[in-house]
Amino acid sequence: MKICFLTSECVPFVKTGGLADVSGVLPISLSRLGCEMNVFLPLYNVIDIDRFDLKKLSAFNHAFVSIADKMKNYSVHHLLKNGINYYFIASKEYFHRESIYTNDADEDERYIFFQHCVLNILQRMQYKCDIIHINDWQSALIPELIKTYYAWDNLFNKVKVLFTIHNIAYQGKFSKESVIKANLPNEKFFGGGTYELYGDFNFMKIGIVASHLINTVSPTYAKEILTQEMGTGLDGVLRTRANDITGILNGIDNTVWNPQTDKNIPKNYNFSSLKDKEINKSELQKFAGLPQDKNIPLLGIVSRLAWQKGFELFEPFINNLMTRNVQMIVLGEGETKYVEFFKNVSQKYPEKLYFLNGYNNKLAHQITAGADIFLMPSRYEPCGLNQMYSLNYGTIPIVRKTGGLADTVADITELPNQGNGFVFDAFEAKQFYNKIIFALSAYNNKNLWLKMQQRGMESDFSWDKSAEEYLKLYKRMI
Ligand code: ADP
Ligand code: GLC
């Protein structure tokens with residue numbers, strides 16, 4: 001089966017969040033299952049062409065697509081790795097910016113351009129694929145472009161499109177001018193039509209209406225997005241396609257996130273050498289300038305600092321928490337108000353809380369290995385990867401019962417025979433705080449703690465099962 005997989009970020013080339021992790025490993029697992037995989041992404045200026053040995057394809061020296069009737073040049077860099085063809089779409093005009101996602105006035109155009117280039121590349125290569133697998137709003141126009149602008153081309157006649165929604169809240173909402181930029185028929189933009197939602201041109205709505213099948217990244221999130229509370233305006237549209245929506249839990253890359261082999265941590269360990277986890281804790285405390293005491297429970301956070309992640313919940317109780325025998329390490333970047341919050345707390349309690357404002361992959365691994373407890377109080381969480389990483393590293397998660405967190409973490413009080421962490425229900429500071437306090441006391445119950453660590457470390461979150469689910473969806477479409 002021939003698959004084209006479109007993504008706006010992909011490990012190891014460029015990453016801001018979990019989509020990159022998924023894009024980095026799902027195609028590899030699918031290729032092992034016999035799929036011929038082609039991955040397409042923009043060549044942002046942060047991608048190091050030399051380091052990855054990307055080769056410019058001379059066949060695309062004079063390639064262009066038309067965006068709002070203007071010819072726009074592009075070129076293509078290529079890499080064959082792990083049996084997968086990676087195609088990087090290059091354009092200084094669109095992809096050399098301060099960050100990979102922007103608030104620039106042409107943000108819509110950047111990804112319209114990307115999608116036209118992909119279809120244009122397939123035409124120029126005369127590559128007849130079976131499935132185009134699109135991810136999030138940045139590639140959501142593909143099925144509609146195939147039905148309209150490219151309808152004349154038999155190459156796409158039988159192509160089926162799978163749309164994976166990683167986060168329903170980021171929809172790609174722009175003004176009506178996007179219709180023209182995308183070369184889509186203007187008359188299809190009207191209130192309640194395929195292109196329109198609350199007056200905006202909405203990329204994600206188009207993906208939902210026009211794709212053959214849709215999935216999200218956990219079974220619980222697949223149900224949640226059908227509700228008004230969680231569907232962020234798209235629940236009505238999603239309900240019209242309820243029979244075509246499934247939830248497939250993301251996996252994790254065991255070659256990268258594995259305490260036995262992780263090259264980013266001071267000391268490798270497994271369940272039978274848990275003593276060595278303490279070395280990671282001690283080194284982490286040293287790095288953060290916190291007292292190096294193995295008996296003080298250490299709480300960890302690695303996250304985008306965004307509304308979704310629920311960090312407001314700390315505000316009412318952070319001072320109380322800081323008076324307890326506890327330490328905390330926070331790694332994150334994002335919205336100013338959360339940055340200021342953690343910065344202030346770290347200045348007020350330098351012996352208790354260390355905050356690093358930034359993106360740091362190595363430290364992310366070190367926190368996952370060195371912390372005792374990992375915190376994810378998310379408002380909503382389509383899947384979440386960090387709780388799975390933590391579980392596999394013997395670091396006990398405290399999570400809110402939502403999306404993929406609800407599907408992967410079982411509360412030890414609710415389910416004593418399978419509990420692997422702590423789960424609170426309502427998005428309320430009091431509930432979160434109570435769980436933290438409970439976890440801090442459970443930390444002293446070494447037998448119980450060990451049992452939870454064992455369950456987490458033995459659980460199999462590898463991609464194998466999930467990749468097979470994707471393969472089933474592909475087969476169902478063709
Ligand atoms: P989301 O995609 O919503 O951000 P996920 O839990 O799916 O959430 O994935 C987040 C990924 O990004 C994880 O691999 C996590 O370790 C990583 N990450 C997030 N913030 C940072 C950061 N500041 N530094 C390093 N890695 C980070
Ligand atoms: C999104 C979600 C996250 C999910 C990731 C990968 O960024 O916020 O929960 O794990 O996509 O699917």
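The structure presented is a predicted model; accordingly, all values stated were derived computationally and were not measured. What you see below is based on every heavy atom in this structure, not just the backbone, and it leaves out hydrogens, waters and symmetry mates. Counting starts at 1 for both ligands and their atoms, in listed order. Residue indices begin at 1 and follow the sequence shown.
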Checklist entry - For Gly18 and ligand 1, does the shortest N/O to N/O distance drop below 3.5 Å? => result yes

For [atom], which protein heavy atom lies nearest, and how many Å away is it?
atom: atom 13 (C) of ligand 1; value: Asn386 OD1, 3.6 Å
atom: atom 12 (O) of ligand 2; value: His166 ND1, 2.7 Å
atom: atom 10 (O) of ligand 2; value: Gly384 N, 2.8 Å
atom: atom 8 (O) of ligand 2; value: Gln308 NE2, 3.0 Å

Item to check | Interfacing atoms of ligand 1 (cut-off 4.0 Å, heavy-atom, Gln308) | outcome: 3 (O)

Item to check | Numbered atoms and elements of ligand 1 in range of Gly384, under 4.0 angstrom, heavy atoms | outcome: 6 (O), 7 (O)

Checklist entry - Under 4.0 Å from ligand 1, counting heavy atoms only, is it the side chain of Ala306, its backbone, both or neither? => result neither

Item to check | Asp21, portion touching ligand 1 at heavy-atom distance under 4.0 Å | outcome: side chain

Which atoms of ligand 2 have any heavy atom of [X] under 4.0 Å away?
X: Asn167; value: 8 (O)
X: Pro382; value: 2 (C), 8 (O), 9 (O)
X: Val22; value: 6 (C), 12 (O)

Checklist entry - Counting only heavy atoms not in Lys267, do more than 12 sit closer than 6.0 Å to its NZ atom? => result no

Checklist entry - Side chain, backbone, both or neither: which part of Val217 has a heavy atom under 4.0 Å from ligand 2? => result side chain

Checklist entry - Do Asn344 side-chain atoms and Glu340 backbone N/O form a donor-acceptor pair below 3.5 Å? => result yes

